[in-house]
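Read through the structure below, which is laid out as structure tokens, and then see the notes.
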Amino acid sequence: MATRAPLIRIRQLRKTYLEGDATRCIFEHLDLDIHPGEFVALLGRSGSGKSTLLNLLSGIDLPDAGEIRVDGQTINTLDEQARTRFRRRRVGFVFQFFNLIPTLTVEENLLLPLELNGMNDAEQRRRATLMLDQVGLGSRRSSYPEQLSGGEQQRLACIRALVHRPLLLLADEPTGNLDDETGAQVLALLLKLHREAASTVLMVTHSREVAEQADRLLYLEASRVREIAR
Amino acid sequence: MKPLLWRSMLRHLTRHPWQLGLSVLGIALGVAVVLAVDLANASARASFMLSMEQVAGRATHQISGGRQGIPETLYTRLRVDLGLRDVAPVVSAYVTVGADNAPRSDDHPGDRGELYQVLGVDPFAEAPFLGYLDELSEAGVDLNAFLTRSGAALLSRTLGRSVEVAAGSTRMTLHAVGWLQSPALQHLIVTDIGTAQDLFGKAGRLDRIDLILPEDAQGERLAQSIRALLPDGFKLERTATRNQATVDLSAAFSLNLTAMSLLALVVGMFLIYNTMTFSVVQRRGLLGMLRALGADRRELFSVVLGEALLLGLAGILLGALLGLWIGSGLVHLVTRAVNDLYFTLNVREYFVTPLSLLKAGGMGLLVTLIAAWLPAREAAAAPPGAVLSRAALEARWRAALPRLSLFGLLLLLLGFVLLGFSSGLLAGFVGLFLLILGCALLTPVFMVALVRVNQGLIRGLPARMATRDVARHLSRTGVAVAALMVAFAATVGVGVMIDSFRGGVAIWITDLVNADLYIAPIALESGDDTQTLNPAVVAGLRTASGVAAVSVYRRNSVEIGGRPVTLLAVELAPRAKTGYRLVEGDPETAWRAFEQASAVMISEPLAYRQGLRAGSRITLPTAHGNRTFPVVGVFLDYGSEHGRILMQRGTYQDAWDDKAISTAALYALPGVDLARLREELLSCVGAVQPLWLRSNRDIRKFTLTVFDRTFTVTRVLRLLAILVAFVGVVSALMALQLERAREFAILRATGMTAGEVGWLVSLQTGFMGFAAGLMAIPVGLLLAAVLIFVINRRAFGWTLPFQVDPWILAEAVLLAIIAALLAGLYPLWRMARTPPAQALRSE
């Protein structure tokens, strides 16, 4: 694995936030490599910058200094439009609070990333329908998100994140809002989808138990990332 | 085009039908008011043009002039000396139908009947004119009957087979020998020229001569030959030019109405902005999700703008229907005002032109796009993280507050500079709108200041929470309060202006009309201003017992700068002079010069328009050519926006060779019973000539009635602007309160009763109404000052007093609070019906 070039390569990353009159440093000289196909769990205390790191990787946010390369592309030098295109094509997102589009049905939610990527041909649509059946939502395709249970919503969010076959899946506490049993089901689904699609996953979590399922464990503290030995 | 993206956004709208409906209604009302006013103005204009075209037929030129009309000999000379064939004589004046012809007085005002225009034509005129007569009638004209039957006429079917008409003291029964074909012609009567001359006592005289001249060099040469033939005071004009000049007289009136209607649209623009901002704020979560999924800024911008466009189109469609309906009511008010103030319309049709529809629709669309631009940018410009954050928008608003206020101040300054350094009416309106916009931008900072003051004054956490929230949610409350403020400021401004105007007119007419009785020939009231008092009547008045003094007036009209200016030749009783309030010139010196040195006094509008002052000289077209008169005074006058000239009767007689008297005013001796004096005069001079005798009270009342009638349309527009604002405020506050359902549920869960939360909501909406009402007072007074001292001055040339009725101010604050409180009712009802648990679950 070490011989392959990393999919994510972060060097000397610095990110600060202005809080009132004070500047709060989130990262300072942060370096990180994640290789293609890895399932990485990122642990850390609240406010340590886990979600900020996901936002920086997806191009939602920009660092103050340093370099973020994903699949050979330095994303922090891209303009807003290019970063959006990058996110649209290369990244899938799973959030703690699902963030499904309340005004679209289950099926429409799933088709949206395909449509944004101009991939809405019959074959892709058929594959999306199949994915719905695979996660047990085939009969709920015309329902709206608010009519689903939490577990169902997160399952839908997982397949929505992967339906357009992104290189990188970013999951921000995907089980944080679910009970243990449902959380375990969603995690199993994420792992299954990761294996099937051979995608790279960076998952933020508070749970050591959840993190143990990943290939690598990272701990974010004092503005740096530390590798946790298994 | 990404259908799912559109679907995800549009479904948000359909899930909030009340909000959607109110937004569409807001736009619709704005568009409707603009369309209605435009249609009413266009209809009045088109009615006039049609009236003129119908009476002018195919004539390309007209000869007119001479107070006593055109001698028939001139017509003969045109045919014989110049060999013209396409030439036709016309007698045209007004008659009343259904009028009670008894002498008039306070006790017997009489039925004034309805005005009809009589067109006396010569059927022996050449072919082109005959063809025109055929066009007017339903099935051609029976020339034999038209010429031989006594009182033969072409009538509108609404008048029946025969009708009795009155022209002054002359009454005549006209019989239909054919029907006018168009319902638009229902106020026209066509007779043979001889019949018309008999009816109006114009034997041997014509009102105008119509000509058809070729549109080439030969036509121009002919026109020059005709002009050389015309005596002084007569002129040859192109028909179209003449019509245009007349219709332009009411341009300032139309512009005022248009400006009022645009105010409604500006309020509507605030509403659209408000609606779109709300819909963006409400969907910040949705927008953030879409951005995180990869929807780019341009896509979201297009969707939000597209949404606004759809709302705009729905609003425009509904607005067009509403506008057509409101316009049909408004056209009567406008044509009545035009009739009162400018010219008589014998056609009163409601013309719906595609241009009016296009203009209103286009403006609605433009305003929608302008108003939606910022919210659309708001939706698209922020990075996804910030869109997801609830507080980010409010933080941006707070950060932008100093810039916004500075911009507001800048607009105010610009407005003042424009008003101070320009002289045109349009620039005046632009300055006025800049002031309104500047004040609207200052509303949020005013609200924040008011909340701060309020926080120190009130006790109790809920009350403080309610008012504090208004400042905390500035992105949502700011625009709503600004829209409400603008609407109520307009109410205060227009209300104070009308009140001041009315107050000024009341004082002016009381001062001016200070004689005890006024006497005029009945025909004057029928629109025939060539009628004069019989000399025996004047002599009778002067020698009647109980009469202390008599003033006599001769009314004429001269054209100055393309406008018809009233020339009043007077012989005034000493008390009558005190009725003229001089705004320029020393009264004693001025009156002495007026009586001894052939000088004139002019009214304020004329002085303003022509740039004249006391000491200037004015050139007038007299019967003996142009003559210059010194101006010794400028008097306050609301009688005519085009101006009036006061001249000593002796000076007038010399210059115009006219000894006639139009009206008289008499002052009774102290202690004389006026009712008895009137009876005696009626039996004495009333026997000589049908007259009306009116008391000063009656004339003052009539003047104020006409004033109120003229301003009815303004009042209606003011109410419509309030309605637009009300809809907007209901929509904005409803959205704001509905959005806070979860917050209310938390308060309920914490232990507040539904009643207590209800009180909180009412307190908040009431506070917003109060803030809007409070700010509307100074802004409204500023608007009133601009309307009074700039707009009215530039449009009509008169100075008005500045009178403020405290009730108008209190009314604005009260109405604003009531509107805001009403707006909170639906959210309250919803909140009371929704269990807190459900609201907590479904944010």
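Side-chain atoms are counted along with the backbone in the values below, which use heavy atoms only and exclude waters and symmetry mates. Reminder, nothing fancy here: chain letters follow the sequence lines and each chain counts from 1. All values reported here derive from a predicted model rather than from experimental measurement.
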Fill in: Spacing of Leu293(B) atom CG and Arg87(A) atom CZ [to the nearest 0.5 Å]
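One gets 9.0 Å once the value is rounded to the nearest 0.5 Å.
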Worksheet entry | Distance (rounded to the nearest 0.5 Å) between Asn99(A) CG and Met289(B) CE | 4.5 Å
Given that the side chain runs from C-beta out, which part of [X] has a heavy atom under 4.5 Å from chain B: side chain, backbone, both or neither?
X: Arg83(A); answer: neither
X: Glu146(A); answer: side chain
X: Leu62(A); answer: neither
X: Arg89(A); answer: neither

Would you say [X] has more than 12 foreign heavy atoms packed within less than 6.0 Å of its [atom1]?
X: Phe301(B); atom1: CZ; value: yes
X: Arg127(A); atom1: CZ; value: yes
X: Arg298(B); atom1: CZ; value: no
X: Arg11(A); atom1: CZ; value: yes
X: Asp179(A); atom1: CG; value: yes
X: Glu181(A); atom1: CD; value: no

Item to complete: Give a yes/no verdict on a cation-pi contact between Arg11(B) and Tyr144(A), requiring under 6.0 Å between NZ or CZ and the six-membered ring centre and an angle within 45° of the axis.
Response: no
Item to complete: Let me know which of Thr105(A), Ile101(A), Leu104(A), Leu112(A) forms a side-chain contact (heavy atoms from CB on, under 4.5 Å) with Arg7(B).
Response: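 The side-chain contact (heavy atoms from CB on, under 4.5 Å) with Arg7(B) is passed solely by Leu104(A) among Thr105(A), Ile101(A), Leu104(A), Leu112(A).
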Worksheet entry | Qualifying residue, where the test is side-chain contact (heavy atoms from CB on, under 4.5 Å) with Thr84(A) and the options are Glu299(B), Arg297(B), Arg291(B) |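 Between Thr84(A) and the candidates, side-chain contact (heavy atoms from CB on, under 4.5 Å) is satisfied uniquely by Arg291(B).
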State, to 0.1 Å, how close [X] and [Y] come at their nearest heavy-atom pair, and which atoms those are.
X: Asp296(B); Y: Gln81(A); answer: OD2-NE2, 2.8 Å
X: Leu4(B); Y: Glu115(A); answer: N-OE2, 2.8 Å
X: Ala292(B); Y: Phe93(A); answer: O-CD1, 4.2 Å

